[in-house]
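To keep things clear, I will list the structure first and then write my remarks on it.
Just so it is clear, the model here is predicted, and its values are computed rather than measured. All values below come from the heavy atoms of this structure, side chains included, with hydrogens, waters and symmetry mates left out. Atoms within each ligand, like the ligands themselves, are counted from 1 in listed order.
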Amino acid sequence: MEYQPIGIMGGTFDPIHYGHLVTAEAARTEFNLEKVYFVPSGHPPHKVLQEVTNPEHRYLMTILSICTNPSFEGSRVEITRPGKSYAYDTVKFFKKLFPHNDLYFITGADAIKEILTWHRVDEILDMCYFVAATRPGYDLADLKKEELKALPHEYLERIVNLEVPAMAISSTDIRRRVRENKSIKYLLPEAVEQYIYKYKLYK
Ligand code: ATP
Ligand code: MG
């Protein structure tokens, strides 16, 4: 029996937007992923100073966004785990769930840059591939030369590049637009847009 690889898309998803969704779909087709699990973070270790929206809101907006894609699933693993959300624990969880499948941890190239600062990054790279999606303003070739050159060669090989349609969408920009009463139409799924207004998020 052939096992297809599994994708893991981690993020704060505050809110989820088309940048995340296009990236996950591009990874799914490029690496023949059976499923992509969207994992909203519970207590992001890198965003301590900034206020993060209630995880239940972020999880529900994620579900609203992925429910039309049969290959996309939402996971509550980080939001139900107490303490800080470390990618290491999440990847280990999925490795246990899918011991025979390759795992692809999908992130934007900007997040990959922080890789060296991540908790137990060598052990993460033992368990999965990293997909570094291009995002406007980040050069993947430079990234490999500079930030990541401290990593051993066998780990560098586990970081694969993925070109996604250039999307300058970010959650930060969406939150700012809501605060300033600007339109967020076409930046994220309509259901998420309405959800944000219904619960008066980002005001
Ligand atoms: P914020 O502005 O609050 O940091 P964000 O838009 O970067 O939010 P996150 O939830 O932090 O969204 O991102 C989750 C993952 O998705 C990260 O790996 C990030 O690099 C990636 N990502 C975010 N936006 C895009 C985009 N437009 N294109 C490709 N990848 C993206
Ligand atoms: Mg971000």
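- Using a 4.0 Å cut-off between a side-chain N of Lys or Arg and a carboxylate O of Asp or Glu, E78 and K84 do not qualify as a salt bridge.
- Closest heavy-atom approach to atom 23 (C) of ligand 1 among the candidates H20, M9, R176: H20.
- When atom types are taken as modelled, the side chain of S85 and the backbone of G42 share a donor-acceptor pair closer than 3.5 angstrom.
- In summary, the atoms of ligand 1 found under 4.0 Å from a heavy atom of G10, numbered by their order in the structure, are 14 (C), 15 (C).
- At a cut-off of 3.5 Å, with distance as the only test, a side-chain donor of D14 or Y202 sits close to an acceptor on the other residue.
- In terms of N/O distances under 3.5 Å, ligand 1 is not approached by G11.
- Judged by the 6.0 Å and 45° rule, R158 forms a cation-pi pair with Y129.
- Taking a cutoff of 4.0 Å between a charged side-chain nitrogen and a carboxylate oxygen, D173 and R176 qualify as a salt bridge.
- Look at D14 and you'll find every heavy atom at least 4.0 Å from all atoms of ligand 1.
- Contact between A168 and ligand 1 is absent, with no heavy atom of the residue lying under 4.0 Å from the ligand.
- Considering both main-chain and side-chain atoms, G108 comes within under 3.5 Å of ligand 1 through a nitrogen or oxygen pair.
- When the heavy atoms of T107, T172, D173 are ranked by distance to atom 1 (P) of ligand 1, first place goes to T172.
- We find the CD1-CG distance between I174 and L188 to be 4.0 Å, quoted to the nearest 0.5 Å.
- Among I169, I16, V131, the residue whose heavy atom lies nearest to atom 27 (N) of ligand 1 is I169.
- If you look at T12 next to ligand 1, the close heavy atoms, those under 4.0 Å, come from the backbone and the side chain alike.
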**Request:** Starting from the C-alpha separation in whole Å, work towards a yes-or-no answer on side-chain hydrogen bond (donor to acceptor under 3.5 Å, both in side chains) for K203 and N181.
**Result:** CA-CA 9 Å; K203 277 294 191 186; N181 297 311; 2.4 Å; yes
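- When heavy-atom distances to ligand 1 are checked against a 4.0 Å cut-off, S171 comes that close through both its backbone and its side chain.
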